[in-house]
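So the structure is just underneath, and the comments pick up after that.
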Amino acid sequence: MPAARRPSSLAAPSLHRRPSWAVSEAQVTPEDVFLARRKILKGLGLGAAGLAFGTAFQMKEARAASAAEKTADLYPAERNGAYSIERDITPEEINSSYNNFYEFGSHKQIADAARSSLVTDPWSIMIDGMVDKPETVEFEDLVRGMPLEERLYRHRCVEAWSMTVPWTGFPVSALLDRVAPQAGAKYIRFETFHDPAMASGQKQSWYPWPYVEGITIEEARNELAFMVTGAYGKPIEAQFGAPIRLALPWKYGFKSIKSITRISFTDQRPVSFWEEINAAEYGFWANVNPDVPHPRWSQASERILHTREEVPTVIYNGYGEQVAGLYAGMEGEALYR
Ligand code: MTE
């Protein structure tokens, strides 16, 4: 059943059909070309330094206003050793130039567009729905009131590549403590900004903007659920989902929504962006499982992005000890897609 070919990007929408003039898969820089380009730079003696110089130069030239940078004094935060893992950290220059952020294009090289267009200052987050203390809070006020720490997390995309990322942030449970969810609240719905003038990808009307994701309150309370405000010891950069995103390391990466503007507590299960596009391929739970293939490719192994090593995928992405209990007795649910 799984197709032998590797996905180079998430599914082309089936409900929201991609018109013929849209960017084709062939126009997207494939990973091989991306890595080969890096090799050539290295051969020329430009390697990481050359790339970093080029990137830094561009960033200086065209960087949108950033709320995250105003909190630079909070970084680096102390690393929490409980969340270290045996894999090497993915080099920052590789991670920060290979991203999924469909608001800026349906390919991986969105970093420049995100850095130059994503205005995050001012940035307020509305917290509403079934909570005792609803609020609309400025990003800086929120982050300064939270216990920041660094954690090394595995990051496994549904497209079968993986990275290891040093995220900085605070547990989602700390946010719950702040806003006091009511007893009837069962789910949290997260929403990204919607501004087609700022994010050209949102002009593509066959996607159901804004990007939405959801988790249960129990998942939110799990120690691993993390609100990310920084990466690589600095305030988070645009392409990673500035100024604030989720990291749910036991789930496929698409659950880790970027650039959050609204957090709603509800008794209704949210329909997420990818679920609305193609529910047969991208479900609500999306827990990593090597034994349940994506309908069009295997999930048995993954490619570590920077080494290109193919390694077996592990159930719950290696976090079974912390999260398996969340799903006890839920055999009837499609937990792994
Ligand atoms: N959040 C928003 N708002 N838009 C997106 O396109 N892509 C998701 C997720 N969060 C996405 C998003 C997907 S498919 C993945 S794999 C991760 O972000 C990628 O995160 P990274 O770029 O830090 O690797």
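Counting starts at 1 for both ligands and their atoms, following the listed order.
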Worksheet item: Do ligand 1 and H155 have nitrogen or oxygen atoms that lie under 3.5 Å from each other?
Response: yes

Practice prompt. List every atom of ligand 1 that sits less than 4.0 Å from any heavy atom of T192, numbering the atoms from 1 in the order shown and giving each element.
Written response: 3 (N)

Worksheet item: Of the protein's non-hydrogen atoms, which lies at the shortest distance from atom 4 (N) of ligand 1, and what is that distance?
Response: E103 OE1, 2.8 Å

Discussion item. Counting non-hydrogen protein atoms only, what is the nearest one to atom 23 (O) of ligand 1? Give residue, atom name and distance.
Written reply: R245 NH1, 2.8 Å

Determine all donor-acceptor pairs shorter than 3.5 Å in which one atom belongs to a side chain in residues 316-324; sequence neighbours excluded.
{"unit_1": "Y316", "atom_1": "OH", "unit_2": "Y336", "atom_2": "OH", "d": "3.1"}
{"unit_1": "N317", "atom_1": "ND2", "unit_2": "P249", "atom_2": "O", "d": "2.8"}
{"unit_1": "Y319", "atom_1": "OH", "unit_2": "R154", "atom_2": "N", "d": "3.0"}

Worksheet item: Counting heavy atoms only, which of Q239, K258, E237 comes nearest to atom 22 (O) of ligand 1?
Response: K258

Practice prompt. Assert yes or no for the condition that the ring centre distance of Y83 to W167 is strictly below 6.0 Å.
Written response: no

Worksheet entry | Contacting atoms of ligand 1, where contact means under 4.0 angstrom from a heavy atom of F240 | 23 (O)

Item to complete: Look at E309 together with R87 and state whether they make a salt bridge at an N to O cut-off of under 4.0 Å.
Response: no

Worksheet item: Going by heavy atoms, is W161 under 4.0 Å from ligand 1?
Response: yes

Worksheet entry | Aromatic contact, H306 with W161 (centres under 6.0 Å) | no

Worksheet item: When you check the gap from the basic side-chain N to the acidic O, do K258 and E103 get nearer than 4.0 Å?
Response: no

Worksheet item: In Å, rounded to the nearest 0.5 Å, how long is the span from CD1 of I244 to CD1 of I263?
Response: 6.0 Å

Cut-off 3.5 Å, no hydrogens considered: what does the side-chain donor-acceptor table look like for residues 122-129, sequence neighbours left out?
{"unit_1": "W123", "atom_1": "NE1", "unit_2": "I260", "atom_2": "O", "d": "2.9"}
{"unit_1": "D128", "atom_1": "OD1", "unit_2": "S264", "atom_2": "OG", "d": "2.6"}
{"unit_1": "D128", "atom_1": "OD2", "unit_2": "R262", "atom_2": "NE", "d": "3.0"}
{"unit_1": "D128", "atom_1": "OD2", "unit_2": "R262", "atom_2": "NH2", "d": "2.5"}

Fill in: Shortest protein heavy-atom distance from atom 17 (C) of ligand 1, along with the residue and atom involved
G253 O, 3.5 Å

Fill in: Minimum-distance protein heavy atom relative to atom 14 (S) of ligand 1
L10 CD1, 3.3 Å

Discussion item. Over 60° means perpendicular and under 30° means parallel, so tell me whether F101 and F104 are parallel, tilted or perpendicular.
Written reply: perpendicular

Worksheet, complete the sentence: Rounding to 0.5 Å, atoms CG (L152) and CD (E86) come to a distance of 10.5 Å

Worksheet item: Any idea which atoms of ligand 1 are less than 4.0 Å away from a heavy-atom of I257?
Response: 1 (N), 10 (N)

Worksheet item: Is S256 in contact with ligand 1, taking contact as a heavy-atom separation below 4.0 Å?
Response: yes

Practice prompt. Could you list the atoms of ligand 1 found under 4.0 angstrom from a heavy atom of F101?
Written response: 3 (N), 4 (N), 5 (C), 6 (O)

Worksheet, complete the sentence: Residue, atom and distance of the protein heavy atom nearest atom 7 (N) of ligand 1 read N100 O, 3.4 Å

Worksheet item: Should K255 be listed as contacting ligand 1, given a heavy-atom distance under 4.0 Å as the test?
Response: no

Fill in: Shortest protein contact, atom 8 (C) of ligand 1 (heavy atom only)
Y211 OH, 3.4 Å

Worksheet item: Does W167 reach ligand 1 with a nitrogen or oxygen that is under 3.5 Å from one of the ligand's nitrogen or oxygen atoms?
Response: no

Worksheet item: Which atoms of ligand 1 have any heavy atom of C157 under 4.0 Å away?
Response: 16 (S)

Discussion item. Has W209 got a side-chain atom pairing as donor or acceptor with K203's backbone, closer than 3.5 angstrom?
Written reply: no

Discussion item. Out of all atoms in ligand 1, which are within 4.0 Å of some heavy atom of Y102? Include the element for each.
Written reply: 5 (C), 6 (O)

Discussion item. Taking atom CD as the centre, does E78 end up with more than 12 heavy-atom neighbours from other residues, nucleotides or ligands that are less than 6.0 angstrom away?
Written reply: no

